[in-house]
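Any value given below was found using the heavy atoms of this structure, including those in side chains, with hydrogens, waters and symmetry copies removed.
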Amino acid sequence: MSRYVRESMLGSRPPAEQVTAQQLLDAPKLATVLTDWLQQIASCKRDPSEPVILAAHNGFSVDWLITYWCMVKAGVQPYEMLKSAGVVAVLDTQVLAKNLPDSVNLPTTAVRRQRQYNNKALLTALTGRPDTDFLWHKAVDDAVATSAWLPAKEMIALLTHPKFVEMNALI
């Protein structure tokens, strides 16, 4: 997705500081948003019995915990709702990426010279794609970037590794 298209899409929504109290009151309830989201996931399945694994970069410690507790607060039964959509697990792609071999040329931090496993570093190292195509830490762009590098041969090797379960990336 080009920067122009993305900015045009974002331009159709008011900036956060311009959202009115009425717009917040008129916004759909979390349970409705989650139901719609799970219906979209179900519509992508080739077969209704096909299992679903949700993947997100740093997804377990950030996205999943927030989503789970918001579901509980909204009176939704997270386990039952996800199970009904065929969700069997959550894959934290950052945890998985930390098992990449040293041969994958990831940038290092300036101070401690530790390998960086952020979405931007993985996109560039695994696809050669420039990181300027994305607005980082925006949900859609982060998801598109993750979906670009997750099928890389190095990641497939990790996903199919005999010790995959021991990597603790699948929750």
Side-chain angles (χ1 to χ4, degrees), residues 1 30 33-74 76-171:
M1 176 182 308
L30 179 63
V33 172
L34 292 169
T35 300
D36 291 348
W37 174 61
L38 291 172
Q39 286 173 349
Q40 286 178 352
I41 290 170
S43 73
C44 294
K45 295 166 70 170
R46 293 176 290 249
D47 178 334
S49 64
E50 187 177 45
V52 174
I53 297 175
L54 301 176
H57 197 65
N58 201 16
F60 183 71
S61 63
V62 178
D63 303 309
W64 173 243
L65 290 179
I66 292 169
T67 302
Y68 178 86
W69 289 111
C70 285
M71 291 170 86
V72 169
K73 186 174 182 175
V76 174
Q77 298 296 321
Y79 178 78
E80 292 304 320
M81 182 177 239
L82 294 170
K83 182 180 168 188
S84 71
V87 175
V88 296
V90 176
L91 174 67
D92 190 324
T93 58
Q94 184 179 46
V95 173
L96 183 65
K98 289 182 178 182
N99 291 280
L100 284 167
D102 291 340
S103 60
V104 174
N105 189 20
L106 290 167
T108 57
T109 59
V111 178
R112 293 197 174 129
R113 311 305 287 163
Q114 295 174 325
R115 294 176 86 189
Q116 292 182 22
Y117 296 98
N118 59 47
N119 216 346
K120 183 190 292 191
L122 290 160
L123 176 77
T124 303
L126 295 171
T127 69
R129 188 170 171 181
D131 62 23
T132 55
D133 291 344
F134 299 93
L135 295 173
W136 297 102
H137 301 292
K138 301 294 182 198
V140 172
D141 282 359
D142 285 351
V144 170
T146 301
S147 70
W149 60 260
L150 188 56
K153 66 181 183 334
E154 297 88 348
M155 296 306 294
I156 298 300
L158 290 177
L159 289 166
T160 58
H161 194 281
K163 295 190 177 190
F164 169 71
V165 173
E166 294 172 26
M167 294 178 196
N168 296 319
L170 196 63
I171 294 90

How long is the gap from [atom1] on [X] to [atom2] on [Y], to the nearest 0.5 Å?
{"X": "L126", "Y": "T124", "atom1": "CG", "atom2": "OG1", "value": "9.0 Å"}
{"X": "I41", "Y": "L82", "atom1": "CD1", "atom2": "CG", "value": "8.0 Å"}
{"X": "L106", "Y": "Q114", "atom1": "CG", "atom2": "CD", "value": "12.5 Å"}
{"X": "H137", "Y": "N118", "atom1": "NE2", "atom2": "CG", "value": "7.0 Å"}
{"X": "L96", "Y": "Q94", "atom1": "CG", "atom2": "CD", "value": "11.0 Å"}
{"X": "L34", "Y": "M81", "atom1": "CG", "atom2": "CE", "value": "5.5 Å"}

Donor-acceptor pair, [X] side chain versus [Y] backbone, under 3.5 Å?
{"X": "D141", "Y": "L135", "result": "yes"}
{"X": "T109", "Y": "R113", "result": "yes"}
{"X": "T67", "Y": "W64", "result": "no"}
{"X": "T93", "Y": "H57", "result": "yes"}
{"X": "T127", "Y": "W149", "result": "no"}

Distance-minimising heavy-atom pair for [X] and [Y]:
{"X": "A85", "Y": "L38", "answer": "CB-CD2, 3.8 Å"}
{"X": "A169", "Y": "V95", "answer": "CA-CG1, 3.7 Å"}
{"X": "A74", "Y": "L30", "answer": "CB-CD2, 3.8 Å"}
{"X": "L150", "Y": "A55", "answer": "CD2-CB, 4.3 Å"}
{"X": "A97", "Y": "Y117", "answer": "O-CE2, 3.3 Å"}

Applying side chain to side chain donor-acceptor pair (under 3.5 Å), name anything that partners [X], two or more places apart in sequence or on another chain.
{"X": "D36", "result": "none"}
{"X": "T146", "result": "N119"}
{"X": "D142", "result": "none"}

| Tell me the side-chain hydrogen bond (donor to acceptor under 3.5 Å, both in side chains) pairs involving residues 79-88, sequence neighbours left out? |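 Those involving residues 79-88 do not exist here.
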| request: For W69, enumerate each residue passing the ring-ring contact (aromatic ring centres under 6.0 Å, His included) test, keeping only those at least two apart in sequence or located in another chain. | output: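 If we apply the ring-ring contact (aromatic ring centres under 6.0 Å, His included) test to W69, skipping adjacent residues, there are no hits.
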| ring-ring contact (aromatic ring centres under 6.0 Å, His included) partners for F164, two or more places apart |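 Here no residue qualifies.
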side-chain contact (heavy atoms from CB on, under 4.5 Å) against [X], all qualifying residues, sequence neighbours excluded:
{"X": "I53", "value": "V88, A89, L91, L170"}
{"X": "S147", "value": "none"}
{"X": "P101", "value": "S103, V104"}

| request: Decide yes or no on side-chain contact (heavy atoms from CB on, under 4.5 Å) for Q116 and L122, but give the supporting numbers first. | output: CA-CA 8 Å; Q116 292 182 22; L122 290 160; over 6 Å; no
Going by salt bridge (Lys or Arg N to Asp or Glu O under 4.0 Å), name the pairs with one or both residues in [range], residues two or more places apart or in two chains.
{"range": "residues 43-70", "answer": "R46-E50"}
{"range": "residues 101-112", "answer": "D102-R115"}
{"range": "residues 151-171", "answer": "none"}

| query | So V90 and Y68, side-chain contact (heavy atoms from CB on, under 4.5 Å) or not? Walk me through it. | reply | CA-CA 12 Å; V90 176; Y68 178 86; over 6 Å; no
